Each structure stands twice: as structure tokens, then as C-alpha cells.
Amino acid sequence: MHIIVPIKQVPESEELRYDPSTRTLVREGVTSVINAYDKRALTEAIRLRELYGGAITALTMGPPQARQALIECLGRGVDRCIHITDRAFAGSDTLATARTLAAVLRRLTYDLLLLGKMSTDSETGQVGPELAELLDLPQITGATTIELAENNTLHVTRETDFGFEQIECPLPALLTAAEHLIKPAKTRPEVIEKGQQLISSDPTLIETLSAHDLNLQPAEAGLSGSPTWVTELRPVVIDRARIMLSGDSLSSAKSLLAELERREVGTVKSGHASQLPASPSVPDPNRAVWVVAETLPSPYGQPRLRRVSLELAGEAARIASLVGGEAVSLLIGNKVAPLVDELACYGTGSVYLADDKRLEPYNVEAYASILSRAIEQRKPWAVLLPATSFGQDLAPRVAARLGLGLTADCLGIEIDREGRLLQLKPAFGGQVVAPILSRTLPQMATIRPGMVDLYAPNLSIRPNITMLDLDGLPTGRARVVSTSGEGEAGLALDAARLVVCVGTGIGGPDALPQIYDLSRLLGARFGFSPDEIAIGATRKVIDAGWLPRHQQIGITGRAIAPDLYLGLGVHGTFNHTVGILRSGTVVSINNDPQAPIFAASDIGIVSNWQDFVEACSSLLSS
């Protein structure tokens with residue numbers, strides 16, 4: 001089996017600093033490393049070669065110094081490398097990058113393309129699906145286990161936001177490596193030394209290719225071939241009240257409860273904006289704003305809308321009102337027609353519907369066919385999808401098929417002075433936000449759950465339904481065999497009004513029952529129903545195995561927008577706090593007075609978490 005692993009050399013994000021005077025990231029002296037997700041792909045490729053035989057080729061696109069990453073790959077055990085380097089490639093966005101990689105890969109024979117799920121500098125997760133589309137390959141994103149069966153078929157477990165899918169897929173195929181696929185091998189000095197020895201003895205182990213070698217035209221690569229561009233960098237500013245409560249645990253708990261009551265936490269449902277924006281009386285047909293709705297499986301057989309679909313329906317209505325267009329939802333799936341009324345009353349009075357048993361379970365090739373055809377026929381001005389495992393799988397494939405710009409994982413969208421859609425994308429671990437514009441129409445973006453307002457529904461809206469054409473619907477080559485729903489606790493974070501988040505400061509999983517009890521008592525005190533309460537965690541807690549990955553909050557987890565966030569033993573790095581930006585009141589308890597979480601909190605208490613929880617629980621129980 002020949003495995004090709006595209007890799008990217010990225011700056012060590014923890015070393016980057018934002019210079020507000022120049023509005024740029026300071027890169028001088030910053031170490032460049034192989035992207036962490038790509039290291040997982042490399043390590044897994046080596047494991048697969050040991051099991052099934054074959055060879056591994058690593059390739060990278062980058063400046064001359066990126067050659068060092070390929071030398072490391074040779075030291076790790078890769079058989080050969082390809083370095084794609086040319087000034088013509090500078091400024092490439094994800095689609096231009098995918099086009100360049102595709103030009104190389106069409107010259108090669110391979111069985112498996114294995115990439116990291118995303119890169120740690122831009123965090124888009126787009127290149128893999130875009131590459132799969134350009135090469136006409138089946139794709140499986142977010143792989144957590146990979147096995148090869150005797151019939152040359154892959155058996156893959158894929159993580160989703162609500163659990164896991166067991167998938168069968170023929171070779172050749174493209175897979176992206178999830179964070180928990182495999183523990184990557186560390187970069188040790190002896191690995192680099194081995195790679196340098198190998199390339200010294202045989203320089204042909206690294207082949208160098210230029211734009212001329214690949215017959216790429218200027219309009220296909222680099223900045224001129226990129227449909228999106230970054231307009232500037234903005235620092236992420238966290239502006240909180242930062243009240244510090246002092247005293248023993250009991251007095252601190254009393255003061256906290258009094259302050260929460262003074263703020264009327266729980267009395268007003270802060271997750272709903274007051275009223276849907278008014279629709280234009282005569283909408284411009286060339287300014288339609290579309291939302292691709294996401295549905296979730298139900299144990300009772302009837303799909304349900306994910307909350308982010310309702311958030312985006314209202315956001316589409318808001319944007320459409322600003323540009324004079326119509327807000328439209330696309331609803332794709334099996335037995336989804338009963339959900340049309342709900343979508344309409346949350347902001348999208350027009351609904352394009354594709355309801356067919358062939359659309360269950362979800363497969364990206366069928367959904368991409370439906371969405372691409374609808375875009376080509378009706379030519380919307382903008383298309384919004386949720387930045388979830390669903391949207392991140394589907395949107396890049398459609399963008400590559402239609403040659404469209406796509407901005408992933410947005411914290412929000414705006415209309416700029418020239419009437420363009422400004423897409424606000426976090427980057428470099430959430431240290432900055434990059435406003436991005438697109439040269440192509442429709443403009444495409446995925447938006448994180450909890451990042452835009454959920455408007456109060458207008459029950460008087462009656463939907464205008466248009467059935468989508470399903471002729472020639474392709475059969476997905478990656479076939480879902482079974483699903484499991486371990487991530488339901490994580491899904492609760494989407495709509496939670498009270499989130500209790502735990503860090504490694506709680507000591508271990510034995511503390512969780514006490515914390516669950518506190519969340520129930522707090523919920524009862526401030527009027528939150530049980531289904532409005534959720535438990536979240538920091539990345540280190542997830543890595544330690546104390547809670548499932550689906551409950552992670554932060555840049556590589558979930559963004560949340562509860563009325564009340566309570567952090568227990570949370571250190572509070574930027575990677576975590578960027579996920580709680582839209583929270584109402586943020587309360588943190590930590591015994592370290594210098595913990596960064598306090599800078600992102602409205603109310604901070606320096607205390608042993610357990611003493612505080614016991615005191616607070618006692619007060620709430622009395």
C-alpha cells in the first residue's frame with residue numbers, strides 16, 4: 001500500500017505574539033514545526049506500513065526552509081519526499097493549496113492520502129475535503145481508527161459532534177487524522193540527525209517541484225489563484241468586569257450567589273434576541289443568503305434540527321435584511337419535511353427541501369451533489385453552514401467543486417462598507433481574528449455554534465417550500481455501517497444556559513459526581529431546567545480521559561454561549577477562553593491568584609475548588 005502524507009510546516013503558536021502597533025504577528029525567532037495533526041498522520045502511516053507493507057511519501061508546499069520538515073520525515077521513516085516550492089505559490093489560500101497539491105498527486109500512483117484534520121495556524125480543515133473533490137476520491141474526515149480489510153477496503157471510525165461512525169471505504173481514498181487517532185512520535189535530535197544523514201547519502205530522496213514543473217497557470221496558484229484573502233489581523237479582546245471576591249469559602253460562596261442574583265442570572269433568557277429582522281418587501285433575487293441546516297439523529301426515528309441551524313436561520317435573515325436579499329434554508333435528509341415549519345419561523349421563510357430515504361445516513365458525496373447543483377441553478381449571494389463535523393466535511397467539497405472561496409470556523413460575519421460579506425476567522429490558537437473576503441460568488445462560510453444570536457421565533461411565518469432536484473443522485477463510496485451516540489453530553493453544550501467547566505485543577509474524575517451535584521443545585525436556584533445544564537472541560541481534562549472529547553470547550557473543541565459559565569480548577573489558556581467569549585456571566589474558582597482564567601472572568605474567587613463547592617452546595621441545599 002502506497003500512502004502519501006501531505007504535511008505543513010507551521011509556526012509554534014505559543015511563541016507567536018501580536019503587535020498592536022503594526023497589527024501583525026511577530027514571527028522573528030519563532031520556531032517552525034510540523035503541524036501537530038500532520039504528525040499524527042505520519043505516525044499512523046508508519047503504523048499502517050508496518051502492518052500491511054508498502055511505502056510512504058511525504059510532500060509539502062512551502063518556502064525553501066520547509067525542506068527541514070521533509071528531512072524530519074525521512075528521519076521518522078518516510079521512504080521519499082516531494083518539496084513543492086516556488087514564489088508563485090506565496091499567498092495561497094486553501095483552495096489554491098489544494099489545486100497545487102492535486103497537480104502533484106495526479107502525477108503519482110497511490111492507495112491512500114492521509115492528512116492532518118487541520119493545521120494549527122489557520123485551523124480550517126478545508127484542504128483535505130477540497131483535495132478529495134479535485135481528485136474525485138471518497139473522503140473520511142476526522143478518522144480515529146484505521147484498518148485495512150482483505151478485500152482492499154478500509155474500515156474507519158470517524159468522530160462526529162454527536163458520537164462516532166463506523167465506515168467502510170474502498171481504496172484509493174482520502175482520510176484526515178483526528179487528534180485522537182494516534183499519539184504522535186516526538187521530534188528528537190536523533191530523528192533530525194538521521195534524516196540529514198539519509199539526504200546527504202542520497203539527495204534524490206527529496207524531489208523539488210516548481211510551478212513550471214506542474215504546468216500551473218498564475219490564475220490557479222498563489223495569491224492570484226486564491227478566491228479568499230485576509231484584510232487585516234485583529235487582536236481578540238476579552239473585556240470582563242473582573243470582580244475578585246475574597247474571604248473564606250463560605251463567605252465567598254455567599255457573595256457569589258448574591259452577585260448572581262443582583263445580575264438577575266436566569267431570569268431573562270439571554271440566548272434569544274428580541275425580534276427577527278424585517279425582510280425586504282421586494283427581495284433582490286441576486287442577494288439571497290442561504291443556510292444549510294444540520295439535523296441530528298433521534299432515538300425515536302424522527303430527525304431534529306441542531307440549535308446552530310436555528311441560529312444561522314436568524315443570522316441569514318439579519319444579513320439578508322442588510323443587503324436587500326431573501327433568507328433561505330436548505331434542508332437535506334430523510335424524513336426531514338416536518339422540520340420545515342420550525343426553520344421558517346426562526347428566520348428563513350423560504351425552504352429548499354430534499355427529503356429522500358437515500359439521504360440517510362449522511363454521506364458527503366450525495367449532499368455535495370445536491371448543494372452544488374442548487375447553487376449552480378439558483379446562484380445565491382452567500383451560503384452559510386455550521387462549523388461542525390457536518391459543515392466542515394461538506395462545505396470544502398462543495399467549494400472545490402464550484403471553485404468558490406470558503407472561510408471556515410467563523411466567530412461571526414459582518415457587512416463591510418462596500419457591502420461585502422466580512423467573515424471573521426480566528427487563527428493561531430485564537431490569538432487573533434482575521435477578517436476574510438471572497439472574490440467569488442456565492443461567498444461561503446461556516447460559523448461556530450453559539451457565535452450568533454438565536455432570535456425569538458415568529459410563529460406566524462408560513463414556509464414557501466421548493467423541492468430540490470434529486471435526479472442522478474450519486475451513491476457515496478464511503479458507506480456508514482453503524483453509528484454510536486457517545487457525544488450527546490457534548491451536544492448539550494450547544495443550547496446550555498448553565499455550563500460548569502472543569503479543569504485539571506479538580507484533581508481527577510472522582511471529583512465529577514460532586515460537581516454534577518453542584519450544577520443541579522445551581523440550576524434549580526437560578527431557574528435552569530435540567531436540559532439547560534451541561535458539563536464541559538478543558539483540553540487537558542479530555543486528554544487525560546476524565547470526560548469524552550465531545551465535551552471539550554475551546555478553539556479545538558466547542559464554543560459556548562451560556563447565561564452562566566462556572567469554571568472549577570480551569571487554568572484558562574487562550575485556547576480555552578476563546579470558546580467562552582459569548583458567555584453571559586463568567587465565574588472562575590482557582591487557588592492560583594495568577595491563573596489566566598481570572599482575566600477572562602466577570603467574577604473570580606481564589607479558593608480551593610473543593611472547599612468552595614462544598615460551601616456553595618451547602619448554601620444551595622439549605
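Being a predicted model, the structure only gives us computed values, none of them experimental.
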### Under the side chain to side chain donor-acceptor pair (under 3.5 Å) test, residues paired with Glu414 that sit two or more places apart
none

### Task
Identify, with sequence neighbours excluded, every residue that meets side chain to side chain donor-acceptor pair (under 3.5 Å) alongside Ser246.
none

#### Entry: Partner residues of Asn591 under the side chain to side chain donor-acceptor pair (under 3.5 Å) criterion, sequence neighbours left out
none

### Query
Do the side chain of Arg234 and the main chain of Val433 share a donor and acceptor less than 3.5 angstrom apart?
no

### Query
What pairs meet the salt bridge (Lys or Arg N to Asp or Glu O under 4.0 Å) rule with one or both residues in residues 550-561, with sequence neighbours excluded?
Asp494-Arg558

### Sequence-distant partners of Asp611, salt bridge (charged side-chain N to carboxylate O under 4.0 Å, His left out), two or more places apart
none

For residues 533-546, which side-chain N or O atoms pair as donor and acceptor with protein atoms under 3.5 Å away, sequence neighbours left out?
{"residue": "Arg539", "atom": "NE", "partner": "Glu179", "partner atom": "OE2", "Å": "2.9"}
{"residue": "Arg539", "atom": "NH1", "partner": "Glu179", "partner atom": "OE2", "Å": "3.4"}
{"residue": "Arg539", "atom": "NH2", "partner": "Glu179", "partner atom": "OE2", "Å": "2.3"}

## Note on the structure
Applying ring-ring contact (aromatic ring centres under 6.0 Å, His included) to Phe164 and not counting sequence neighbours gives His550

### Message
With a 3.5 Å distance limit and no angle check, can you tell me whether Glu532 reaches the backbone of Ser529 through a side-chain donor-acceptor pair?
### Response
yes

### Task
Please identify each residue that fulfils side-chain contact (heavy atoms from CB on, under 4.5 Å) with Leu181, with sequence neighbours left out.
Glu44, Ile146, Ala177

Could you give the side-chain donor-acceptor pairs of residues 613-622 under 3.5 Å, partners two or more places apart or in another chain?
{"residue": "Ser617", "atom": "OG", "partner": "Val613", "partner atom": "O", "Å": "2.8"}
{"residue": "Ser621", "atom": "OG", "partner": "Ser617", "partner atom": "O", "Å": "2.8"}
{"residue": "Ser622", "atom": "OG", "partner": "Leu619", "partner atom": "O", "Å": "2.8"}

### Residue pair Ser309 / Glu294: nearest heavy atoms and the distance that separates them
OG-N, 2.7 Å

### Query
Residues in ring-ring contact (aromatic ring centres under 6.0 Å, His included) with Tyr37, at least two apart?
none

### With Glu159 via salt bridge (charged side-chain N to carboxylate O under 4.0 Å, His left out) - residues at least two apart
Lys117, Arg549

### Message
Checking Gln443 now: which residues fulfil side chain to side chain donor-acceptor pair (under 3.5 Å) with it, not counting sequence neighbours?
### Response
none

